[in-house]
S.K.: 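Right, I'll just put the structure down here and ask away after.
The model shown is predicted, which means the values in this text are computed figures rather than measured ones.
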Amino acid sequence: MQFQQTIIDAYRRLCIKKDIKEIEQWLEVLENNNEDLTYLNTIGTQLIKSLAVVNHVKSIRRKNVLMVAALCKYEQSLKTEFEYGKVPYDEVRVKQHENKRQQYQQLIKDYNELKIAIYKTLITYRRR
């Protein structure tokens, strides 16, 4: 029985560690996107001069910042669970992580759509 509990605990810790690593990757991408959004905001303000583009950039940036905050909080809770917790890695925890993944993927999709819209706008400009 002790051996089985050790295996279950090792599995729980391994899955939590995998989730933490995945969140770290997501956070790195979101930090890079935030830097890109700074440049896209400048492009929207100075080159395209479109209030709609600037507002769209601000909207995505706001979502990005909120996602970073939520993921940081989630990452911290997972680290605490990894170190001190005994809650099994069950279907509830998997669903929670999948929900975070879906939110992240939706934000990335929105960000990519914004970039494509800006690039399409930039294509219409001609050098004089």
Side-chain angles (χ1 to χ4, degrees):
M1 189 68 173
Q2 179 67 24
F3 179 72
Q4 186 180 14
Q5 186 60 38
T6 304
I7 296 295
I8 291 171
D9 188 53
Y11 172 77
R12 180 188 71 79
R13 291 175 59 85
L14 181 66
C15 289
I16 292 172
K17 192 169 191 169
K18 176 210 51 101
D19 289 350
I20 291 170
K21 289 293 183 188
E22 188 172 34
I23 292 167
E24 289 171 353
Q25 291 173 339
W26 295 348
L27 287 170
E28 186 175 335
V29 169
L30 293 177
E31 288 171 11
N32 290 335
N33 288 356
N34 194 49
E35 188 174 333
D36 288 348
L37 287 166
T38 301
Y39 297 117
L40 292 174
N41 188 50
T42 303
I43 289 169
T45 304
Q46 295 178 2
L47 187 61
I48 299 173
K49 297 181 181 177
S50 168
L51 188 58
V53 170
V54 172
N55 286 337
H56 196 180
V57 170
K58 286 180 182 179
S59 171
I60 298 297
R61 176 177 291 208
R62 190 175 311 113
K63 289 178 185 178
N64 195 70
V65 168
L66 291 173
M67 178 63 70
V68 168
L71 288 177
C72 284
K73 185 176 179 181
Y74 178 56
E75 178 187 31
Q76 200 59 37
S77 71
L78 283 178
K79 286 180 177 180
T80 301
E81 179 65 28
F82 182 80
E83 288 296 322
Y84 307 109
K86 298 292 182 199
V87 177
Y89 196 91
D90 58 2
E91 196 170 318
V92 172
R93 189 177 297 269
V94 170
K95 285 182 180 179
Q96 179 186 19
H97 190 75
E98 284 302 313
N99 184 31
K100 298 290 183 188
R101 176 181 283 118
Q102 288 173 355
Q103 292 171 356
Y104 167 77
Q105 288 174 336
Q106 183 61 48
L107 178 60
I108 295 300
K109 181 181 174 186
D110 293 345
Y111 170 73
N112 287 332
E113 287 172 358
L114 169 68
K115 283 194 320 184
I116 290 169
I118 290 175
Y119 294 154
K120 284 181 178 179
T121 303
L122 289 174
I123 287 172
T124 63
Y125 290 98
R126 296 202 183 269
R127 194 173 199 194
R128 293 180 192 186

S.K.: What are the two closest heavy atoms between Tyr89 and Lys18, and how far apart are they?
M.R.: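 Taking every non-hydrogen atom into account, OH-NZ, 4.3 Å.
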S.K.: Atom CD in Gln96, atom CG in Asp19: separation rounded to 0.5 Å?
M.R.: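 Rounded to the nearest 0.5 Å, the CD-CG separation comes to 9.0 Å.
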S.K.: Salt-bridge test for Asp9 and Arg12: reply yes if a basic N is under 4.0 Å from a carboxylate O, no otherwise.
M.R.: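 Looking at Arg12 together with Asp9, the answer is yes, because their closest N to O distance falls below 4.0 Å.
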S.K.: Does Gln103 form a side chain to side chain contact (heavy atoms under 4.5 Å, CB included) with Lys100? I'd like the steps, not just the answer.
M.R.: CA-CA 5 Å; Gln103 292 171 356; Lys100 298 290 183 188; 4.0 Å; yes
S.K.: I'd like to know if the side chain of Thr45 and the backbone of Thr42 have a donor-acceptor N/O pair within less than 3.5 Å.
M.R.: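 No, Thr45 side chain to Thr42 backbone: no donor-acceptor pair under 3.5 Å.
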S.K.: Between CD1 of Ile16 and OH of Tyr11, what distance do you get to the nearest 0.5 Å?
M.R.: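 Spacing of CD1 (Ile16) from OH (Tyr11) equals 10.5 Å.
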S.K.: Check the pair Asn33, Ile108 against side chain to side chain contact (heavy atoms under 4.5 Å, CB included), reporting the backbone distance first and the verdict last.
M.R.: CA-CA 9 Å; Asn33 288 356; Ile108 295 300; 3.4 Å; yes
S.K.: Quick check for you: to the nearest 0.5 Å, what is the distance between Lys17 atom NZ and Glu22 atom CD?
M.R.: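 One finds 15.0 Å between NZ of Lys17 and CD of Glu22.
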S.K.: Are Val94 and Ile8 linked, directly or through other ILVMFWY residues, by side chains that come within less than 4.5 angstrom of each other?
M.R.: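 As far as the 4.5 Å side-chain criterion goes, Ile8 and Val94 are not connected within one cluster.
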S.K.: Are Leu114 and Leu66 connected in a single hydrophobic cluster, I mean Ile/Leu/Val/Met/Phe/Trp/Tyr linked by side-chain heavy atoms less than 4.5 Å apart?
M.R.: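 Different clusters: Leu66 never reaches Leu114 through Ile, Leu, Val, Met, Phe, Trp or Tyr contacts under 4.5 Å.
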S.K.: For the side chain of Thr6 and the backbone of Gln2, is there at least one donor-acceptor N/O pair under 3.5 Å apart?
M.R.: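 Checking the backbone N and O of Gln2 against the side chain of Thr6, a donor-acceptor pair under 3.5 Å is found.
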S.K.: Under 4.5 Å between side-chain heavy atoms, hopping through other hydrophobics if needed: is there a path connecting Val57 to Ile123?
M.R.: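 Looking at the clustering, Ile123 is in a separate group from Val57.
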S.K.: Quick check on Gln4: does its CD atom have over 12 non-hydrogen neighbours (other residues, nucleotides or ligands) under 6.0 Å away?
M.R.: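 For Gln4, atom CD is not crowded (no more than 12 foreign heavy atoms under 6.0 Å).
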S.K.: May I have the step-by-step check of side chain to side chain contact (heavy atoms under 4.5 Å, CB included) for Tyr111 and Leu30, ending in yes or no?
M.R.: CA-CA 10 Å; Tyr111 170 73; Leu30 293 177; over 6 Å; no
S.K.: Heavy atoms only: give me the nearest Glu81-Val87 pair and the separation to one decimal.
M.R.: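 Where Glu81 meets Val87 most closely, the heavy atoms are OE2-N, 3.0 Å.
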S.K.: State the OG1-CD1 distance between Thr121 and Ile48, to the nearest 0.5 angstrom.
M.R.: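 That separation rounds to 5.0 Å.
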S.K.: State the CG-NZ distance between Leu37 and Lys58, to the nearest 0.5 angstrom.
M.R.: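 The NZ atom of Lys58 is 12.5 Å from CG of Leu37, to the nearest 0.5 Å.
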S.K.: Which pair of non-hydrogen atoms, one from Glu75 and one from Leu27, has the smallest distance, and what is that distance?
M.R.: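 Distance-wise, the nearest heavy atoms are OE1-CD1, 3.5 Å.
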S.K.: Please work out which of the three classes, parallel, tilted or perpendicular, describes the rings of His97 and Trp26, given edges at 30° and 60°.
M.R.: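 Ring orientation, 0 to 90° scale: parallel.
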S.K.: Do you see a donor-acceptor pair shorter than 3.5 Å between the side chains of Asn32 and Glu28?
M.R.: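 Checked: Asn32/Glu28 side chains show no N/O donor-acceptor pair below 3.5 Å.
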S.K.: Please determine if Glu24 and Lys21 form a salt bridge, counting it only when a charged side-chain N lies under 4.0 Å from a carboxylate O.
M.R.: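 Result for this pair is yes, salt bridge flagged.
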S.K.: According to a hydrophobic-cluster definition based on side-chain heavy atoms being under 4.5 Å apart (Ile, Leu, Val, Met, Phe, Trp, Tyr only), do Tyr125 and Leu40 belong together?
M.R.: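 Both belong to a single hydrophobic cluster.
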S.K.: So, taking the atom named CG in Leu78 and the one named NZ in Lys73, what distance separates them when rounded to the nearest 0.5 Å?
M.R.: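 Separation between the atoms: 13.0 Å.
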S.K.: Using the rule that Ile, Leu, Val, Met, Phe, Trp and Tyr join whenever any side-chain heavy atoms are under 4.5 Å apart, tell me whether Ile60 and Leu47 fall into a single cluster.
M.R.: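 Yes, one cluster joins them.
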S.K.: Salt bridge check, Lys79 against Glu83: does any charged N sit closer than 4.0 Å to a carboxylate O?
M.R.: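 Here Glu83 does not pair with Lys79 in a salt bridge, since their nearest N and O are not under 4.0 Å apart.
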